[in-house]
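A short write-up of the structure that comes next.
Everything numeric in this text was worked out from a predicted model, so none of it was measured. Both backbone and side-chain heavy atoms feed into the values below; hydrogens, waters and symmetry mates do not.
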Amino acid sequence: MSTRAFITGVSGTELTAAEREFIRAERPWGFILFKRNVATPAQVAALVAELRAVADAPDAPVLIDQEGGRVQRLGPPHWPVYPPGAVFATLYDTDSALGLAAARLSARLIAADLADLGITVDCLPLADVPVPGADAVIGNRAYGTEPGKVAAIARAVTEGLEQGGVLPVLKHIPGHGRATADTHFKLPMVDTPRDELERTDFAAFKSLADLPMAMTAHVVFSAVDPAHPATTSATMIADVIRGAIGFQGLLMSDDVSMNALSGNIAERTRAIFAAGCDVALHCNGNIEEMRDVAGQTPELSGRALERAKAALAARKPPQPLERAAARAELDALIARANTASA
């Protein structure tokens, strides 16, 4: 059965009658969960199973943002706390091999948590390269301020997720690190010359261009397109994301409901597809907005469908994991990083 080229959130811990009707009628390609959708492991597993059953799509991707640190939708008391990306960066500076091992191990444990629930996609790793004066929305989520280091740690995170049978989403392409505003609330403008962007922000993503999926940044790069954020810029997507960076996987927008984008929800959705994104992402679970997104979303077809199929086919069976030993090892590495940063 064909699907529509969007990923949707839902409003709570169980589907409403209206949401069931919407999913059956509009056939979203995938789903995304947030804290409002999470109560207990049994409840989350049941919600994930119901989403796929109502969609009549047993392989529909279910996404979550489970980075660690302050971006962690699953948390205590049912799930452990994971470190933010900056912890791996600190350890990397002390011993690069240990920094990569910690990043890989944390992602592997996160993947095990997700796999228990039927969640198949984590919106991780970040390849954003922050600079002094940037908004704190990235902050300690980043893996450092040097693109080679950021890319190396992001690769290790990717490997950990893949070893656990979970697909990665590279974000926020082509870079959110220079943004001087939180795109949930305002559109950031980056006026850095293109040659500098090529050496820094874009370089980190170029090293990860083989990942199966990526999420765009709602950020304007005036050196390339002064009028549109990357998400709705045909120039940015063709010239930078697909061109200079070389990313050929499935390209999804960041959340269409974020205030960095202009126009109403329908206009934003049209602009996302006109620019060249393969899939639109809508997160807040507002049923009226969900209908507006669906109304402007095409069937998933052509090159976008090929990329979507290739992305799902990239998921590997999970490898064995002794969780208690792995967690003890991770905790020891985190303690070492904390000592190094003290």
Inset, instruction - Answer yes or no: are there more than 12 heavy-atom neighbours, outside E14 itself, under 6.0 Å from its atom CD? - result: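 Result for CD/E14: open.
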Inset, instruction - Please report the C-alpha distance between L114 and L74 in whole Å, then the side-chain angles of each, then the deciding distance to 0.1 Å, and finally whether the side-chain contact (heavy atoms from CB on, under 4.5 Å) criterion is met. - result: CA-CA 9 Å; L114 302 187; L74 306 173; 3.6 Å; yes
Legend entry - R242 and L251: CA distance, side-chain angles, deciding distance, side-chain contact (heavy atoms from CB on, under 4.5 Å) verdict: CA-CA 10 Å; R242 299 296 192 194; L251 186 65; 3.6 Å; yes
Ignoring hydrogens and geometry, is there a side-chain-to-backbone donor-acceptor pair from [X] to [Y] under 3.5 Å?
| X | Y | result |
| --- | --- | --- |
| N37 | G12 | yes |
| T216 | D254 | yes |
| R108 | A326 | no |
| S253 | L281 | yes |
| R268 | G263 | yes |
| T232 | H228 | no |
| Q66 | I110 | no |
| R4 | T297 | yes |
| E322 | A324 | yes |
| R155 | S207 | yes |

For [X] and [Y], work out which heavy atoms get closest and say how close.
| X | Y | answer |
| --- | --- | --- |
| T120 | P61 | OG1-CA, 3.6 Å |
| G249 | D278 | O-OD2, 3.7 Å |
| T200 | P147 | O-CB, 3.5 Å |
| L100 | A152 | CD2-O, 3.4 Å |
| V81 | R327 | O-NH2, 2.9 Å |
| D255 | C283 | OD1-N, 3.2 Å |

Rounded distance (nearest 0.5 Å) linking atom [atom1] of [X] with atom [atom2] of [Y]:
| X | Y | atom1 | atom2 | value |
| --- | --- | --- | --- | --- |
| K35 | I64 | NZ | CD1 | 10.5 Å |
| L63 | L124 | CG | CG | 12.0 Å |
| L250 | L312 | CG | CG | 8.5 Å |
| H282 | I265 | NE2 | CD1 | 5.0 Å |
| M252 | I272 | CE | CD1 | 12.0 Å |
| R336 | D331 | CZ | CG | 15.0 Å |

Inset, instruction - Please assess F205 against D128 for the test side-chain contact (heavy atoms from CB on, under 4.5 Å), listing each intermediate value before the final yes or no. - result: CA-CA 8 Å; F205 287 91; D128 303 308; 3.7 Å; yes
Inset, instruction - Verify the distance criterion only: is there a donor paired with an acceptor across the side chains of Q296 and R270 at less than 3.5 Å? - result: yes
Legend entry - Distance-only donor-acceptor check, side chains E299 and S2, under 3.5 Å: yes
Are side-chain heavy atoms of [X] and [Y] found at a separation under 4.5 Å?
| X | Y | answer |
| --- | --- | --- |
| D135 | P188 | no |
| H172 | H218 | no |
| I32 | V121 | no |
| S233 | D239 | no |
| T3 | P28 | no |
| F6 | T269 | no |
| L33 | V48 | yes |
| L91 | V87 | no |

Inset, instruction - In plain terms, say whether R303 and E306 are close enough for a salt bridge, that is, a side-chain N and a carboxylate O under 4.0 Å apart. - result: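 The answer is yes: the pair qualifies as a salt bridge.
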Treat each ILVMFWY residue as a node, draw an edge where side-chain heavy atoms are under 4.5 Å apart, and state whether [X] and [Y] are in one component.
| X | Y | value |
| --- | --- | --- |
| F247 | F273 | no |
| W29 | V54 | no |
| Y82 | W79 | yes |
| V293 | L15 | yes |
| V137 | V219 | no |

Inset, instruction - List the steps and the verdict of salt bridge (Lys or Arg N to Asp or Glu O under 4.0 Å) for R291 and E288. - result: CA-CA 5 Å; R291 290 180 178 127; E288 295 306 322; 2.7 Å; yes
Legend entry - Pairs satisfying salt bridge (Lys or Arg N to Asp or Glu O under 4.0 Å), at least one member in residues 57-67, at least two apart: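 For residues 57-67, and leaving out neighbouring residues, the salt bridge (Lys or Arg N to Asp or Glu O under 4.0 Å) pairs sorted by first residue read D65-R73, D65-K171, E67-R141, E67-K171.
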Legend entry - Intermediate values then yes/no, side-chain contact (heavy atoms from CB on, under 4.5 Å), S257 and N286: CA-CA 10 Å; S257 66; N286 180 307; over 6 Å; no
Inset, instruction - On the 0 to 90° scale, with breaks at 30° and 60°, tag the F88-Y143 ring pair as parallel, tilted or perpendicular. - result: tilted
